[in-house]
Amino acid sequence: MSEIRKHYFLDEYCIIATERSKRPSDFVSKKLEKSSVTDCVFCAGNEGKTPPATAVYKKGDILKDTKKELVEGWEVRCIPNLYPAVSNEFAKPVLSGWEVQEGFGFHEVIVESPTHGRTLSSFSDNEIELLMQVYRDRLYYYHSKKNIQYVSLFKNWGECAGASLEHIHSQLIALPILPPVLKREQAAIHAVDGCPYCHMIEKETKSERMVRENKDFVAIAPYASRYPFEVWILPKHHVNHLTNCTAEMLRSLGEMIRFVLLKYEDLLGFPSYNYMFYGIFGDDSYHLNMRCHPILSTPAGFEKNTDIYINTVTPEDAALYLKFE
Ligand SMILES: [Zn+2]
Ligand SMILES: [Zn+2]
């Protein structure tokens, strides 16, 4: 049996293919071998091997590298990407039949720990809370810059997720445009009464796709899950963007993210994973959400041809495995 599913307000489809249904143990992957830390540019002690840091979190202070002095003894370090996807110079769009816009923007790496070999699942309450604060600060910082419309904040963990360095880090890319996928979603949200995400939370927390809730957030396996064990984390009360979360909410969010990653490890070994944040700065009708999934298969011809994803684990089964404490 297979089912084509669609989120009731999003133009996103998936195919739930239970004929190929798998149990978590069919996906188990091994932990990556640790490479030598001496040549890792993200490790404490190697600060000079990266561009100077734009923000360094150290014992409650937010500092910056200068040409003369690199901050040592840090907890989280934000640095420009050495190989940026976009450039910091703004160029006006050139129209010539094809619309060309130069790759203006900012590309930053957030090094989440000075220590090689750490995983987010092993972070203490204070460490994960600090990381969420860094996320909020950096999103705010880039959204305050001229000509920036959207800041993509994401984490690629593990070889299969596109992480080129194993030292724990996230990335953000600030863009002069709102990505089409969010534009379409924004239009869909503006076209209905009330917030569809609030409605989804009300409905899904009573469904078999509910995974867990804590003080401020819920985790659900989305109805039209594109990937096995996909999880969406949403604030219970309407907030449009991570920059509008209180310190207490950030603590809850970090706790929920750590829970999901720990469950992935329990069920799947040490899978590669991606997570990314969705929010529209300045549009109160949007509802902040964070989406996370282990990388257990690679989108191939069919997915690229149709933008419809074949998923071999039903979200109902995924939730059952994920919520089991
Ligand atoms: Zn390292
Ligand atoms: Zn809402």
Side-chain angles (χ1 to χ4, degrees), residues 7-10 31-51 53 56-57 70-79 81-82 109-120 122-123 127 131 155-159 161 163-171 182 185-207 210 213 215-220 222-223 232-246 249 252-253 256 270 277-291:
H7 285 298
Y8 71 100
F9 72 103
L10 292 176
K31 201 170 184 172
L32 281 177
E33 288 295 314
K34 293 275 166 295
S35 69
S36 143
V37 300
T38 48
D39 47 2
C40 170
V41 297
F42 292 165
C43 273
N46 287 344
E47 289 82 6
K49 292 183 182 168
T50 67
V56 186
Y57 288 74
L70 303 174
V71 182
E72 291 176 4
W74 47 273
E75 284 131 28
V76 177
R77 186 166 189 260
C78 307
I79 48 179
N81 194 308
L82 195 53
V109 176
I110 299 169
V111 184
E112 298 166 335
S113 164
T115 313
H116 205 86
R118 292 293 306 277
T119 58
L120 273 201
S122 73
F123 271 31
E127 286 173 319
L131 180 61
K155 183 174 172 71
N156 301 329
W157 170 252
E159 229 170 351
S164 48
L165 289 162
E166 66 172 16
H167 191 123
I168 193 168
H169 67 281
S170 321
Q171 295 180 65
L182 275 145
E185 205 187 322
Q186 189 180 36
I189 290 171
H190 289 173
V192 295
D193 280 337
C195 168
Y197 279 105
C198 283
H199 183 66
M200 178 196 280
I201 292 166
E202 204 192 318
K203 206 168 131 187
E204 292 299 86
T205 46
K206 293 182 207 116
S207 83
M210 170 67 173
E213 72 176 304
K215 197 169 147 288
D216 301 299
F217 285 83
V218 292
I220 58 165
Y223 175 73
W232 289 10
I233 296 176
L234 304 125
K236 289 198 236 181
H237 299 293
H238 188 91
V239 175
N240 71 320
H241 200 268
L242 198 66
T243 51
N244 285 327
C245 286
T246 61
M249 287 179 76
S252 281
L253 174 62
M256 190 63 97
F270 291 89
F277 289 87
Y278 292 77
I280 300 182
F281 192 78
D283 181 350
D284 289 337
S285 66
Y286 197 77
H287 193 120
L288 166 69
N289 61 94
M290 183 269 203
R291 304 181 193 181

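On a predicted model such as this, the values are computed, not experimentally measured, just so you know. Atoms within a ligand are numbered from 1 in the order they appear, just like the ligands themselves. Hydrogens, waters and symmetry mates play no part in the numbers below; they use all other heavy atoms, side chains included.
- Restricting His238 to its N/O/S atoms, the shortest distance to the Zn ion (ligand 2) is reached by ND1.
- Contact annotation: the side chain of Val109 approaches that of Phe42 to within less than 4.5 Å [non-hydrogen atoms, C-beta and beyond].
- When distances from the Zn ion (ligand 2) to the N, O or S atoms of His287 are compared, ND1 comes out shortest.
- Note: angle at the Zn ion (ligand 2), from SG of Cys195 to SG of Cys198, is 110° (rounded to 10 degrees).
- The shortest side-chain heavy-atom distance between Cys245 and Leu288 falls under the 4.5 Å cut-off.
- The Zn ion (ligand 1) is the vertex of the angle joining SG of Cys43 and SG of Cys40, which measures 120° to the nearest 10°.
- A heavy-atom distance below 4.5 Å is not found between the side chains of Asp216 and Lys236.
- Rounded to 10°, the angle formed at the Zn ion (ligand 1) by His167 ND1 and His116 ND1 is 110°.
- Of the charged side-chain nitrogens involved, at least one lies within less than 4.0 Å of a carboxylate oxygen, so that Arg118 and Glu127 count as a salt-bridged pair.
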Side chain to side chain donor-acceptor pair (under 3.5 Å) between Glu204 and Trp232, worked out: CA-CA 11 Å; Glu204 292 299 86; Trp232 289 10; over 6 Å; no
